[in-house]
*Asks:* 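Please find one structure pasted underneath; my questions will follow.
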Amino acid sequence: MKITLAQTRYKTGDFEFNYNSLAEKISNTSSDLIILPQVGLEDLGGKDLLLDENVNKAQSEMYKKIADNFSDKTILIGDILINQGEISLSADGYYDICGERVFVADFYNSEVECDLYVLVKNRYYAMNSYDDFIDSIEPSSNFIFVSAIGMADSNVYAGGSFAKNKFGVSVAHLPLCEEGITDVDFSKPIDFKTTDLQEQVYKVITFALKEYCENTGFKKVVLGLSGGIDSALTAALAVEALGAENVLGIMMPSMYSSEGSISDSIALANNLKMNTVKEPITPLFDAFMLNRERKHDLAEENLQARLRALILMFYSNRENSLLLSTGNKSECAMGFGTLYGDMAGGLNLICDLTKTNVYKLSNYINKDGEIIPQTIIDKAPSAELHPGQKDQDRLPEYAVLDDILEMYFEQNIPQEEIYKKYDKSIVDEVIRKTYRMQFKRYQGCLGVRLTERSFCGGGIDLPIVQKMY
């Protein structure tokens, strides 16, 4: 049986686009069986759209249109088989196709007996499990995994479809974040190696921003440029995704900003060839504080952040641009951000990258030459909301903080075990703060999910009202 594997791009609720995407792949093959990813709305993050009768009707009509227009083809779209114009869904997962016993499911069970096992779960990308997932498949029959590419709110379906023969040898692999089509020959092994992790993350984030903008109608983005690593990385990712002409950086120095906050931002913008404007917040701050007592406290620090958000939202509205928030996962965990201030935005590209991973991805971007200025990478992180402020005045060293977060949330290691590596007081404070700051995260903007245990859009869902921590 000649089989074609087609990695297909879909859009949630866009049945015309999805039909055209399917039809293009189906038209370009004469194989005995064409395997495509799940396209059902429930498999594309449709949520309560599934309760809409018009939506369900449109979905049924899409399947029927495929069946009517390709009645000479045998097509597997997820777990739905279209054969000679007939649409069927197997009750037990088994199909008889060209005399072979094909088992189709959205989970993998190595004990299933069949000639061909087709795993059809659209799998969201998670950098800490994608490669392990490929390695974990040790089939006893010929095996195909097919996944769509697209974006369902925070989840990024990145593809990476592949096939292995019954000896566990790779025979086909399609790239991340790209449509692709390939014939699968289980007798012909390929030399497959997964791509570098940072390259994967880079592709997934930039793909996610392109998808988000295309699906929501935004052509341009705006972000604040602080001279720090988080905003620098976000700008570099945005320029790669949308082009420098569609990215605007706003520099908003205050009375506490260092000289480097401007000079480093300008150097970054020059490297990226993106436009910037300068909007100092000191006059706005002074005007608000006129006739008010100056206490140099948290309220004044947060006022600065909210004044910046005011300016950013003005440019977002005036230019019809998407505002990118720039907080990382470490800050997100600790609540190290201001509600309606630096947390404001429509999308956050790096909310699931710890500070450690922010540096790793920034260094990856600079691998062929300096894009993010080295001065930005080397400087001590600071919100610059009071004189001489450094992040580590209020947070543990990022290497320690990120390791504790990784151990507790990603690896599900008990606190008592983490105490063997780090001081109990530090561990307890990190975990306590993470729980106590859930109310902020709940009000934050949408973000790109990159791990199994993400604060943005799935994986970690802590109660706001609780007395345990």
Side-chain angles (χ1 to χ4, degrees), residues 8-18 20-21 24 44-45 49 125 148-158 176-179 201-226 230-252 265-266 268-279 308-327 342-352 361 365 371-372 444-450 456-457:
T8 311
R9 179 176 170 232
Y10 298 139
K11 296 184 180 183
T12 304
D14 191 336
F15 297 101
E16 181 180 0
F17 178 92
N18 293 344
N20 290 333
S21 193
E24 178 191 12
L44 297 175
L49 267 180
Y125 176 81
I149 65 169
M151 188 178 189
D153 291 348
S154 290
N155 289 330
V156 182
Y157 299 128
L176 293 175
C177 302
E178 298 176 29
E179 289 193 282
V201 173
Y202 186 68
K203 288 185 70 173
V204 169
I205 295 177
T206 52
F207 171 76
L209 179 56
K210 283 186 278 192
E211 284 293 295
Y212 185 88
C213 287
E214 183 174 324
N215 282 280
T216 56
F218 284 105
K219 306 294 184 184
K220 298 177 180 292
V221 297
V222 61
L223 73 156
L225 289 184
S226 67
D230 297 323
S231 63
L233 175 59
T234 301
L237 292 165
V239 166
E240 173 65 22
L242 304 176
E245 69 278 9
N246 295 314
V247 181
L248 176 65
I250 314 293
M251 300 177 291
M252 298 168 287
S265 294
I266 291 173
L268 171 74
N270 289 338
N271 290 347
L272 294 172
K273 298 180 172 55
M274 60 178 281
N275 292 324
T276 62
V277 296
K278 184 178 178 181
E279 295 279 3
R308 289 184 170 119
L310 188 73
I311 294 168
L312 289 169
M313 286 306 303
F314 171 83
Y315 276 92
S316 174
N317 294 157
R318 176 60 59 86
E319 306 293 336
N320 192 29
S321 296
L322 172 68
L323 174 57
L324 299 179
S325 182
T326 60
D342 52 320
M343 291 179 68
L347 183 67
N348 187 321
L349 303 182
I350 65 169
C351 66
D352 209 16
L361 188 55
I365 288 172
I371 295 175
I372 297 175
C445 70
L446 188 72
V448 178
R449 181 179 184 176
L450 296 166
C456 51

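Note that the structure is predicted; figures quoted are calculated from it, not measured. The first residue in the sequence is number 1, and the count goes up from there.
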*Asks:* Which residue, Glu16, Glu214, Glu211, forms the side chain to side chain donor-acceptor pair (under 3.5 Å) with Lys11?
*Replies:* Glu214
*Asks:* Decide side chain to side chain contact (heavy atoms under 4.5 Å, CB included) for Ile371 and Val239; before the verdict, give the C-alpha distance in whole Å, the side-chain angles of both, and the deciding distance to 0.1 Å.
*Replies:* CA-CA 11 Å; Ile371 295 175; Val239 166; over 6 Å; no
*Asks:* Quick check: closest heavy atoms across Leu349 and Ala238, and the distance to 0.1 Å?
*Replies:* CD1-N, 4.5 Å
*Asks:* Compare all side-chain heavy atoms of Leu272 with those of Val247 and state whether any distance is below 4.5 angstrom.
*Replies:* no
*Asks:* Supply the atom-to-atom distance Glu279 CD to Leu312 CG, rounded to the nearest 0.5 angstrom.
*Replies:* 9.5 Å
*Asks:* Working to the nearest 0.5 Å, report the span between OG of Ser231 and CG of Asp342.
*Replies:* 11.0 Å
*Asks:* Between atom CG of Asp230 and atom OG1 of Thr326, what is the distance when rounded to the nearest 0.5 Å?
*Replies:*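 Asp230 CG to Thr326 OG1: 6.0 Å, rounded to 0.5 Å.
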*Asks:* Search all heavy atoms of Ala148 against all heavy atoms of Tyr157 and return the closest pair with its distance.
*Replies:*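 Closest heavy-atom pair between Ala148 and Tyr157: O-CB, 3.4 Å.
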*Asks:* Any chance you could measure Leu322, atom CG, to Ser316, atom OG, to the nearest 0.5 Å?
*Replies:*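 Answer rounded to 0.5 Å: 6.5 Å.
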*Asks:* Backbone N or O of Met252 within a donor-acceptor pair of the Arg308 side chain at under 3.5 Å?
*Replies:*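 Between the backbone of Met252 and the side chain of Arg308 there is a qualifying donor-acceptor contact (under 3.5 Å).
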*Asks:* Roughly how far, to the nearest 0.5 Å, is OG1 of Thr8 from CG of Asn20?
*Replies:* 12.5 Å
*Asks:* Looking at Leu225 and Ser265, what are the two nearest heavy atoms and their distance?
*Replies:* O-OG, 3.7 Å
*Asks:* Using the side chain to side chain contact (heavy atoms under 4.5 Å, CB included) rule, take Glu179 and Ile149 through it: C-alpha gap first, then chi angles, then the decisive distance, then the call.
*Replies:* CA-CA 7 Å; Glu179 289 193 282; Ile149 65 169; 3.7 Å; yes
*Asks:* Is the shortest heavy-atom distance from the side chain of Ser154 to the side chain of Leu446 under 4.5 Å?
*Replies:*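 Yes, close enough: below the 4.5 Å cut-off.
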*Asks:* Go through Phe17 and Arg9 one step at a time and tell me if the side chain to side chain contact (heavy atoms under 4.5 Å, CB included) criterion holds.
*Replies:* CA-CA 9 Å; Phe17 178 92; Arg9 179 176 170 232; 3.6 Å; yes
*Asks:* Does Leu44 reach the side chain of Asn18, with side-chain heavy atoms less than 4.5 Å apart?
*Replies:* yes
*Asks:* Quick check: does any side chain N or O of Lys220 sit under 3.5 Å from a backbone N or O of Glu319, one acting as donor and the other as acceptor?
*Replies:*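 Between the backbone of Glu319 and the side chain of Lys220 there is no qualifying donor-acceptor contact (under 3.5 Å).
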*Asks:* How close do Asp352 and Leu450 get, counting heavy atoms only, and between which atoms?
*Replies:* OD2-N, 2.7 Å
*Asks:* Dump the intermediate steps for side chain to side chain contact (heavy atoms under 4.5 Å, CB included) on Leu323 and Tyr315, then the final yes or no.
*Replies:* CA-CA 9 Å; Leu323 174 57; Tyr315 276 92; over 6 Å; no
*Asks:* Tell me the closest heavy-atom pair linking Ala158 and Tyr125, and the distance in Å.
*Replies:*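 Heavy atoms only, the tightest pair is CB-CB, 3.9 Å.
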*Asks:* Side-chain contact, heavy-atom cut-off 4.5 Å: Ile350 with Leu361?
*Replies:*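 In short, these two side chains do not touch, never coming nearer than 4.5 Å.
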*Asks:* Which heavy atom in Ser325 sits nearest to a heavy atom in Ala344, and how many Å separate them?
*Replies:*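 Shortest heavy-atom contact: CB-O, 3.5 Å.
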*Asks:* Could you tell me the separation between the CG atom of Asn348 and the CG atom of Leu324, rounded to the nearest 0.5 Å?
*Replies:*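 Asn348 atom CG to Leu324 atom CG measures 8.0 Å (nearest 0.5 Å).
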